[in-house]
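Chain identifiers are assigned alphabetically (A, B, ...) following the order of the sequence lines, protein sequences preceding nucleic acid strands; residue numbering begins at 1 within each chain.
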Amino acid sequence: MPPTIEGYWNDLRSTKVWRSVFRSGTGTSTLHRALAVQQNVFLHLASVKMRRRSLAFSATWYLGTMSLATFLILTATGILLMLYYHPSVPQAYADMKDLQFVVSAGVFLRNLHRWSAHAMVFLVFAHMFKVFYRGAYRPPREFNWVIGVILLILTLFLSYTGYLLPWDQLAFWAITVGANIMSAVPVMGRKVRFLMLGGNTVNANALLRFYVLHCVILPLVAGLLIAIHFWRIRKDGGLHTGQVETPAGAPNE
Amino acid sequence: MRPALVTVAALALMLSFACQRPAVQPVAKGPATVPAAIVEVSGGKQVSTIGTPLDQPLVIQVNDAQGAAVAGASVRFHSAPGVIFQPASGITGSDGQFTFAVALGGMAGRYQIVATTTGASGKAIELRMDELALGFEQNQGRQLSDLYCTRCHDPESTAERVSNHDNLTAQAHAFSDGAFLNKMSDADLMAIIQHGGPALGKSAEMPPYGRTLSKSGIQALAAYIRAVADPPHQPGEAVYAQR
Amino acid sequence: MSDQKPFQAAIESDSRKAPVRIAFVTRRTSPQVKAESDQYVMTWPEGIFRVLVVCEVLAIILVTMSLFWDAPLEGLADPMQTPNPAKAPWYFLGLQELLHYFPPVVGGVLIPTLVVLALVIIPYFNVNVEAEGLWLRNRGKRLRIFAAVVLALIVFLIVFEVWAVLAPTVLIAAAMLFAAREANNAGRFRRWLILRPLSFWIMTWFLASASLLTGIGTFFRGPGWSWVWPWKE
Amino acid sequence: MEQSKDDVTRRGSFIKIGIGSLAVAGCGAAVFGYQFLSPNVLYEPSPIANVGKPDRFPPDSVTVDLVAGIYIMHAAEGFYALTATCTHLGCLTAWKPDLNIIACPCHGSKFNRRGVKIDGPAPRPLAWLKVWVNDEGDLLVDRSTPVPQDHFVRV
Amino acid sequence: MLFGDSARAFGTLGVVLLLLLAIVPARDFFSEWYRYQKGYLRLIRGRDDAITLQRRFEGGIHQTWIPELGVVDRCGSCHVALKEASLRNVGIQPFRPHPPIPHSLDEMGCVMCHRGQGAATTVEEAHRSAKESEDPMVPARYLESSCGQCHMDKPTGIPRLNAGRTLLTRYGCVHCHSIVLPDGVKLAPTDDPPSLQHVADKTTREWIFAWIKNPQAYSGTATMPNFQLKDEDARDISAFLIAQSTMLASSAAPASAAASDAAALQAGASMYGESFCASCHAIQNAAGLLVGGNVGPELTRIGTKAKPDWLRAWIGNPKGYDPETLMPHYRFDDKQLTLIAGFLENKTDSDFMANVKLDQATPRQVAHGKLLVTEMGCAVCHEINGIHRPDNFAPDLTAVGSRPLAKIVFLPEMPRTLAAYVEAKIKEPRSFGSALKMPQFNLATGQVDNLVTALLAQTDRARTLPARLRVAGHASSNYEPAGAAGRLMRDLNCFSCHSINGRGGDMAPDLTWEGSAVQRDWLLKFFKNPNTLRPTLIRRMPKFNVTDQEAGMLTDYILAVYQTPAFDRDSPQPASDASQIEKGRQLFYSKYACQACHIVDPQKDKGYIGPTLTEVGSRLTAAWIFQWLKGPQTLRPGTLEPDQQISDSDATSLTTFLMAQKGHAKTQEAKHK
């Protein structure tokens, strides 16, 4: 057999080094496929087998998957953008200009981050409604629903804190309006606003706080909750099949 | 029935044309005579600063082959990008003339302004006029020149400034005298300003300005002299015209 | 599925209590689990590939957007100069629109808090977990409660002049009444509507109101939060 | 059976195409990631320092420009400039007029006026920097361009 | 079929994604600056100096960063040839080299002068930013405005800005608008709007009516703007102004009837000429051209305006009516006063007030007039009885050059640029609304451009620049001569024309060191009968009819006080032997060719740029002549005579020669003729 790319590929996969990293083998048997999931740190949250119905597009519209995908895109692009960003006034705005004008593919990464952020908010909302209408919030998945609601709020907060970072007019006034809505909370509203902005107006302190929230605190919390969310999917019986649990006697299509 | 009607109508139409034709006069569309040339009435060779309107409007006249003014000829103007015309096109008046204001572009140099009209058989007739926009350095030279030089170098007197040109035994060359000054090298030009006429074996009536003017001032003067030279000083200055 | 077999494992969930899986095993038999092999697929590669395809689709959409549509960047933030209107991010515009109708405490705090609370307690609010159709039982009593609640809500909305919420409220209420009629010779759509539980109606009302408010806030609000038509510049 | 086998190979080739293009995209992302990470513009002070008119420096003098990190020397042979950064571990050295030496405060390296090491752990003499006079008559030093020793500039 | 065959979907979508991602670097590749750099390389390829140019060319984004100025410039990324002087004849942007300027491009950057967005690397964003808060480039027409961010002095080379700043004060813009220059100096008006507290002494209500309706109809050079008043409003304002006026005792001097016969008019006209009134005042000649200076008001229609009594009192003693006036106090006797006043009273224009018919003013009209005068801010410029000068009457224009476009209401069909707005506002203020208070000024297009240039210089950036960049303007001096001579100098208003110790006008020579220059006898004689020294001058020193005693006092004061410390005026005169004089003559006529500009021998010499030197030996001191020859600019900065680097011995010979030019005989002869 003449050497082919596939031949080399298979040779590579049978080397000791490869086998030490990817513990499962190359086979296509059920066992191998099961091991591929079980022994992969990223995939082991999923069960080895899934219900065929739950894989149908109509079951979930893959909204949760897409939400996770946007989160991962946002993490990747966000880390790259951080390399050209100084959370200070007015340097933050100059950095936006630099991204636009002098950083290779800077404007693309910024666009991708921005649109992915909007997409994530939208997808998470849609995910929630889809889960609701499919009835997937019902026991035993009620706790995972609560985590989902918290993740929704976190997503909103992540997006909101990121909104200030370009330090342009849009950012400044959107945050000002948002912060003023928050200060309407009786008793503690003003205090919360004060703590969040690090002062009474949206200024350099607020920018730094939003930066830390956006880049460190909220992503960490969100990542943790996402892990729990996924773990609970499996523990609560896998993805909801999308079967409407109809009461007895009702017409069933 | 119908063919008959059509025939009658067609006949009537033909008849009406046939009857009318001898009666129809050539309708005065456009100029009564055909433009053969555009001549400049006034406004050429002005000196201005970059980006600014010329002091005097440009006036051109459209003439026919016999040299008589052509009224109603349509004229268009164009030049390098950045030159603004007010208006950029129009119809000549009863005296065959058309007046327009020009603001030169943002770069220093000579601007060629082209006025175009259409002659017999659609041939384009053009008139080219040169206008000069001075940059910062040349403008500075112009001011120094107005202060120190023109009293002797400009033969024309004005009410505010009486020319000293004719009181000199040596002949002071006007700065626009390109035929003479273009032949001098930059170094010679600056030397004569700096060290006076005797430095180049010329009259002492040209005093030395080396201690009165700064080096950059003398450079500016030389730049101004080069800019206003007529015929134009060849190496260096860009001519902006439509490409 | 319909023909009876001697050993049948049944899985049911008693929703009134904590759901458990109970296998009823007939005496003198052992439980036999029938593998539903056609019901299950291997996560690798079936599931993973599907997920990958979905991610590719999403990436393609986002990359296309990013290539041809630049993220907005206005001038440098200037505290001395308020753009008119000053708008929050789009997902808060529903809230901002509410603030236009209600005092801040109601629009900015009470309503969002209630919404979040409602969302959290949905699964624990143990009414009707079987998701039976709202009108299938106690129809008369429920209609009276429904009428009282909807009327109160409409009066409340009219008092505060919240036309943007009034419209979906009336619409949903009409749909509920439409579903509440006697179910004889009902069409497919109405039969589907009849089966909707109460939570469905509430969520749909919330979804419609929120979407409408956000849409209005995003597209139809101009200087001074006045009404503008987006196509009229 | 034939059909199914075809199907399988076709499936396999699609997967190969897919994985292949993702791999290429990944490699491309790495290349352009590298481009992204290398800044196209720098916010760094120009290596060329304008130290002013030569007559600022009296003959036989050593002038320290701490901002630029250089010494400007006016010797009998002409002007020259030394970097003030010690060649040992990069501390900023100091001119000791009383001792007529350049001393490093960190590890005790000592240099003479010509930058030659007298004492201490420094591996190399202090670098001589390119000096020239511009059109306005200002003395300029290029901190990024070393020149051979004993390269004096006469004004 | 998206999920029907996920392998096929996976493969296909993978390829699509790869292709899309490949566009990302392509966008960088097709960026504008990269295209321009390729264009530049194409442009220079065919040139003789291609190799040099190519070696000097560096690819990539070029950035100039000047942190202390807040400048980030990337203009050089496209304008790659800014420093390539050999490309001077390339008429294509962005490849033109920068023309020579007194600043280094590396030290100033581009946006300091041209404004625009230096950080941008696209043509549109850099030159015409789409964002309303960002500066677009300043048009070449107003480019000098950028110089004004640092330059408060008035260097040559920026005539537009200098003229604009002068106009701001001369046309009284700064009466209403406060403008603080970047160095913190507040612009003060240099026009002198008359006080209206005694206006009824001076003129009639009808004249006021016609004047405020259209000041330029009375005098084309009037700087008072047109308030575009309605007839009723002008009627009421004139009524109020007359009503508020109080009478000055000095204006009511008894008047002997002005002679108006032809002979008296002729004598008055020659009085007007002899007194050199035309140095300051202009009168239209028969051809309608203004003849005379523009320091004082035009007098073509003065007879229509001024009441005869007031005119006589005014000419007799201007400071009696207006202590701040620039007009000198001529010592006219009664006869002279009658002649000259008669001449001026005859300068009338019957058309000017032909249609003005005003009834007796009613109290209501007066009250309404007062309201109008208050509202329109007349008291910002004029002193008016019973009305306080309002503060902060019009918007502060200190930072008008940085006004964000979002804060500007543009007219429809108007270019959305700050320059266009300011220009329109100056040209036709009322086009922004008839209720606006700003009046219509009478300005030529060039003047409007100059004003726009000066206003655009008032930027925020200018105030944040490091102080070392600022070139301060000349501080105005408040020098006051002391004693009786000082009083006399103030009475004669010497400072209106002459400058001493940094104070005064520039119409006549600077007298700071006049005491070192002139001989006593000559100066004494000059005061009694000033004759001009320069043949071509139109403006001349008037004859003030000073008494001997006054002339003597002034002469002594000048000789004693206005002495330069540089040399002793009484240092011994070089020996005047004939050979020295002859040597001096040789030097004068051949080596230095002084006759090009000066006249020593009226028969032979013709040069008339410098003063006539026929009697310089009895006018100037030898020490002054010597020092002057050695360095004219050291004695009188800005004087035109070039410094010829004359050696001491040549200067001595020339001094000897010039001191020999006493010229008595010749002038005596000339006088007899």
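- Put simply, of C/A210, C/P79, C/A59, the one with the most heavy-atom pairs under 4.5 Å next to chain A is C/P79.
- Heavy atoms of A/A94 lying under 4.5 Å from chain C are absent altogether.
- Taking CG from A/L74 and CZ from A/F71, the interatomic distance works out to 8.0 Å, rounded to the nearest 0.5 Å.
- When the candidates A/L112, A/V146, A/V149 are compared by the number of heavy-atom contacts under 4.5 Å with chain C, A/L112 comes out ahead.
- Of the listed residues (A/S159, A/A34, A/A171, A/G189), the one with the most heavy-atom contacts under 4.5 Å to chain C is A/S159.
- In this structure, A/Y93 has its ring center at least 6.0 angstrom away from the ring center of A/W167.
- Both the backbone and the side chain of A/T70 come within less than 4.5 Å of a heavy atom in chain C.
- The cationic group of C/R190 lies under 6.0 Å from the six-membered ring centre of C/F178 and within 45° of the ring axis, placing it in a cation-pi geometry.
- Looking at C/I48, only its side chain comes within 4.5 Å of chain A, counting heavy atoms on both sides.
- Using a 4.5 Å cut-off between heavy atoms, A/L123 touches chain C through its side chain atoms alone.
- At a threshold of 4.5 Å between non-hydrogen side-chain atoms, the residues A/Y163 and A/F210 do not count as touching.
- Residue A/F132 touches chain C through its side chain alone, counting heavy-atom pairs closer than 4.5 Å.
- Distance check, rounded to the nearest 0.5 Å: CD1 of C/I111 to CG of C/L213 gives 9.0 Å.
- For a residue to count as touching a neighbouring chain, one of its non-hydrogen atoms must lie under 4.5 Å from one of that chain's; by this rule A/I150 does not touch chain C.
- For the pair C/R196 and C/W192, the distance from NZ or CZ to the six-membered ring centre is under 6.0 Å and the angle to the ring normal is within 45 degrees.
- A 4.5 Å side-chain heavy-atom check between A/P166 and A/R114 finds at least one atom pair inside the cut-off.
- Identified by a heavy-atom distance below 4.5 Å to chain A, the contributing residues of residues 93-103 of chain C are C/L95, C/Q96, C/L99, in residue-number order.
- Within the 4.5 angstrom heavy-atom criterion, atoms from both the backbone and the side chain of C/T204 approach chain A.
- For A/L156, the parts lying near chain C are the backbone and the side chain together; criterion is any non-hydrogen pair under 4.5 Å.
- Looking at C/F92, only its side chain comes within 4.5 Å of chain A, counting heavy atoms on both sides.
- No other option in C/L62, C/V120, C/L76 has as many heavy-atom pairs under 4.5 Å with chain A as C/L76.
- Both the backbone and the side chain of A/V48 come within less than 4.5 Å of a heavy atom in chain C.
- Both the backbone and the side chain of A/T30 have a heavy atom closer than 4.5 Å to some heavy atom of chain C.
- Taking chain C as the reference chain and counting heavy-atom pairs below 4.5 Å, the highest number among A/H118, A/M96, A/M128 is found for A/H118.
- The candidate with the highest count of non-hydrogen atom pairs below 4.5 Å against chain A, out of C/P83, C/G107, C/P89, is C/P89.
- The greatest number of non-hydrogen atom pairs below 4.5 Å with chain A, out of C/Q81, C/M65, C/M42, C/E46, is found for C/M42.
- In this structure, the side chains of C/L73 and A/R110 come closer than 4.5 Å at one or more pairs of heavy atoms.
- With respect to chain C, the highest number of heavy-atom pairs below 4.5 Å among A/F143, A/F172, A/F125 belongs to A/F172.
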